[in-house]
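Worksheet for the structure shown next.
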Number of protein chains: 2
Amino acid sequence: MGASITIIDIARMCGVGVTTVSRAINNHPDINDETKAMVMKVIKENHYVPNNSARNLKRSASKTIAVLIKGITNPFFNQMIQVFEKEIKRKKYSFILQRVDDKQDEIDVAIELEKEKRLKGIVFLGGYFSHSKEKLDQLTVPFVLSTIGMTDEFDANDYSSVSVDDFKESYKMVDYLCNQGHDKIAIITASMDDVSIGKLRYDGYKKALEDNGIPFNNQLVRCMKEDIESYSMENGYMVTKELLESSEEFTAIYALSDNLAIGACKAIIEAGKSVPEDYSVAGFDGLDITFYYNPSITTIRQPVDEIAEETIRVLFDLINKKITHAHRIFPAELIVRESTKSR
Amino acid sequence: MGASITIIDIARMCGVGVTTVSRAINNHPDINDETKAMVMKVIKENHYVPNNSARNLKRSASKTIAVLIKGITNPFFNQMIQVFEKEIKRKKYSFILQRVDDKQDEIDVAIELEKEKRLKGIVFLGGYFSHSKEKLDQLTVPFVLSTIGMTDEFDANDYSSVSVDDFKESYKMVDYLCNQGHDKIAIITASMDDVSIGKLRYDGYKKALEDNGIPFNNQLVRCMKEDIESYSMENGYMVTKELLESSEEFTAIYALSDNLAIGACKAIIEAGKSVPEDYSVAGFDGLDITFYYNPSITTIRQPVDEIAEETIRVLFDLINKKITHAHRIFPAELIVRESTKSR
DNA sequence: TTGTAGGCGTTATCAA
DNA sequence: TTGATAACGCCTACAA
């Protein structure tokens, strides 16, 4: 214990120099096959494992990509991560997944990790993004924002992104509800000071109402509870309960996420009402559960795999200096299911 | 770019020695407050970030705990991670979350990480566990298996664990179904060569049938599809569809996980049948969604927070050498909801 | 309170 | 094909 076995120990045991051992480990060409086999055998027998800190310290560059993920709660991140991993490995790079706490600054984490692991590129997944250009400039390797809503306050030349158009897709859903004859559409949205996807989707809602000549009713705008996990089923449940208990009339609820929508359905069903007979409910994201829920839920399906693949493609184009920046917008799909009906 | 700024640069810029800078960074007592402030100011201005690899390399020990998680898909891991993080921080330790691929060997990952980060302890979360004692012995720091079903083939003195008794809790559920008058209970289970929780829960099913004098019917045992993500809604859906299309009679389905149960419900509803009127459905785990699903789902709720808290408690007892090993079993709770009825 | 110097475990450079 | 040796960036006796 304590003094772990090192490359020097192995070298001694093999009667060779450390360089030779290092060559064996790292598959260098300049080494005799027999020597290599012998070294590897000794390594196996003694369970020698190279120290990564020392490696990273010494190595000038390593072929590794980090994915920083904020709000690991989001269920479709899992699927994206699968794709990231597959694509990154296909490029013969290795892949690090780093969770970022809600309170942590993802750029700070990225800067630290970049030095520690000699990263070649970074993917930021989820969360809001509001950092000064000065801060972004501290990142010396290419990075891509994936599935992160950005407002216009950023210079598009300063970063790259891959996502859907949250404003437009949100508009699409609300417009659909309007076309189904709904004119009292409640929304479960983020807090009013949200500047990311929450705001974009909310803006889509307002614009769709406006274009359909439906007066905006502030009483139908319901923000998620601050003290409950955001975008969660519980949050949708609580907010909807309150809405139902209020005297406000409405025929449809548009929730900013599928989980919120599920909570909404539950609250409605629990109140002895029915979806969609009494109230239509629509979500956003296209989670698997929306298909399995009863009733199945009308939603906007984000093309998760495509977004993930394109994210990696853009990142490598950045790494290989084929481009300096890029913004890719994917269309999402309105999936009409049982939870909404015309009236 | 390239040559990143180092502690030596900072020292030069400040006109002090590196030791002083190091002291400032690491909050050492032996440093003049003014000097420290000055150093920190220069660090801020130049965006200096210490290189973690160098730190880890030099440090003989660091107060950090790693949580290795296999199958990040499992929804209640998120909740456990929250607790881990909170508890570990409360002990003034820092916390690393490391995802382990399905194909990776978690012990190998742990060994590497232990050296790289000078870990003080490890939590293994999820997955199956079948490693030789020889391999486990390569871990030189304490570790705890959390929520990992273990069969008897291990010497209980070789490791520590915190979990529920999967056999007993599974028995409880099936026994309940029997008491409700069900005698044709289908099960959606893991493949027959599973040696972990899958086997334990399946064994509980068989024993409960036996104790209730119900003949075992192999036709009612349905294994998850190998080519679909295990324990997923989709898997439960496909298996149940097949079961319904077969001529086999049954009145209840017991699924080894809540997600499987949800898939089962969907298949039943889609077939024009009703839960629980035509078929009762029961799950296992106690995920939030079981409350929100329609109908709400009868399940076994694992005391997630308690398990997580106890895991950390045991780990620190191990670290502080208060104990040499421990096995904690938590009781789980049968929650009867709408998806099951007596007949 | 501060600075100098040695070493953590590797890999890269160079010479043999 | 090999091996000695100098970094990599930091921390920490020890000395001042």
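Protein chains get the first letters and strands the later ones, always in sequence-line order, with residue 1 at the start of each.
Heavy atoms of S22(B) sit under 4.0 angstrom from at least one base atom. Counting non-hydrogen atoms under 4.0 angstrom, V18(A) reaches a base of the nucleic acid. Base contact: L57(A) has a heavy atom under 4.0 Å from a base atom. Using a 4.0 Å heavy-atom criterion, one finds that N26(A) contacts the sugar-phosphate atoms exclusively. Within 4.0 Å of S53(B), counting heavy atoms only, lies no atom of the nucleic acid at all. Backbone-only contact: N32(B) has heavy atoms under 4.0 Å from sugar-phosphate atoms and none from a base. When heavy atoms are screened at a 4.0 angstrom cut-off, N51(A) is found touching the sugar-phosphate backbone but no base atom.
Look at E45(B) and K41(B) and you find a salt bridge, because one of the NZ, NE, NH1 or NH2 atoms lies within 4.0 Å of a carboxylate O, short of that distance. The pair K70(A)-D101(A) fails the salt-bridge criterion, with no side-chain N (NZ, NE, NH1 or NH2) lying under 4.0 Å from an Asp/Glu carboxylate O. Taking a cutoff of 4.0 Å between a charged side-chain nitrogen and a carboxylate oxygen, R99(B) and E85(A) qualify as a salt bridge.
Comparing Y48(A) and T35(B) by the nucleotide of DNA chain C whose heavy atom lies nearest to each, the residue mapping closer to the 5' end is T35(B).
What you find for V162(B) and I307(B) is that their closest heavy atoms are CG1-O, 3.6 Å.
If you take NZ of K58(A) and C1' of dG9(D), they are 11 Å apart, rounded to a whole angstrom. For the pair I8(B) CD1 and dC8(D) P, the computed distance is 8 Å after rounding to whole Å. In this structure, CG of D9(B) is placed 13 Å from C1' of dC10(D), rounded to the nearest angstrom. Separating the NZ atom of K117(B) from the P atom of dC10(D) is a distance of 15 Å, rounded to the nearest angstrom. Atom pair R59(B):CZ and dG9(D):P shows a separation of 17 Å (rounding to whole Å applied). Rounded to whole angstrom, the span from the CG atom of D30(A) across to the P atom of dG3(D) amounts to 13 Å. Per the geometry, CG belonging to N56(A) stands 16 Å off C1' belonging to dA7(D), to the nearest Å.
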Report all interatomic pairs (protein N or O, nucleotide N or O of nucleotides 13-16 of chain D) with separations under 3.5 Å.
none

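For E116(A) and N51(B), the side-chain atoms include no donor-acceptor pair closer than 3.5 Å.
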Checking ring-ring contact (aromatic ring centres under 6.0 Å, His included) for the pair F124(A)/F143(A): CA distance, chi angles, key distance, verdict? CA-CA 7 Å; F124(A) 291 98; F143(A) 64 92; 5.8 Å; yes
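M80(A) is listed as a side-chain neighbour of T147(A), based on a closest heavy-atom distance under 4.5 Å.
Annotation: the span from R90(B) atom CZ to I88(B) atom CD1 amounts to 11.5 Å, rounded to 0.5 Å.
Screening H327(A), H325(A), R328(A) against S161(A) for a side chain to side chain donor-acceptor pair (under 3.5 Å) leaves a single residue, H327(A).
When the shell of 6.0 Å around CD of E34(A) is examined, it contains 12 or fewer heavy atoms from other residues, nucleotides or ligands.
Chain B approaches DNA chain C within less than 4.0 angstrom (heavy atoms of the protein), and the contacting nucleotides run 5' to 3' from dT1(C) to dG9(C).
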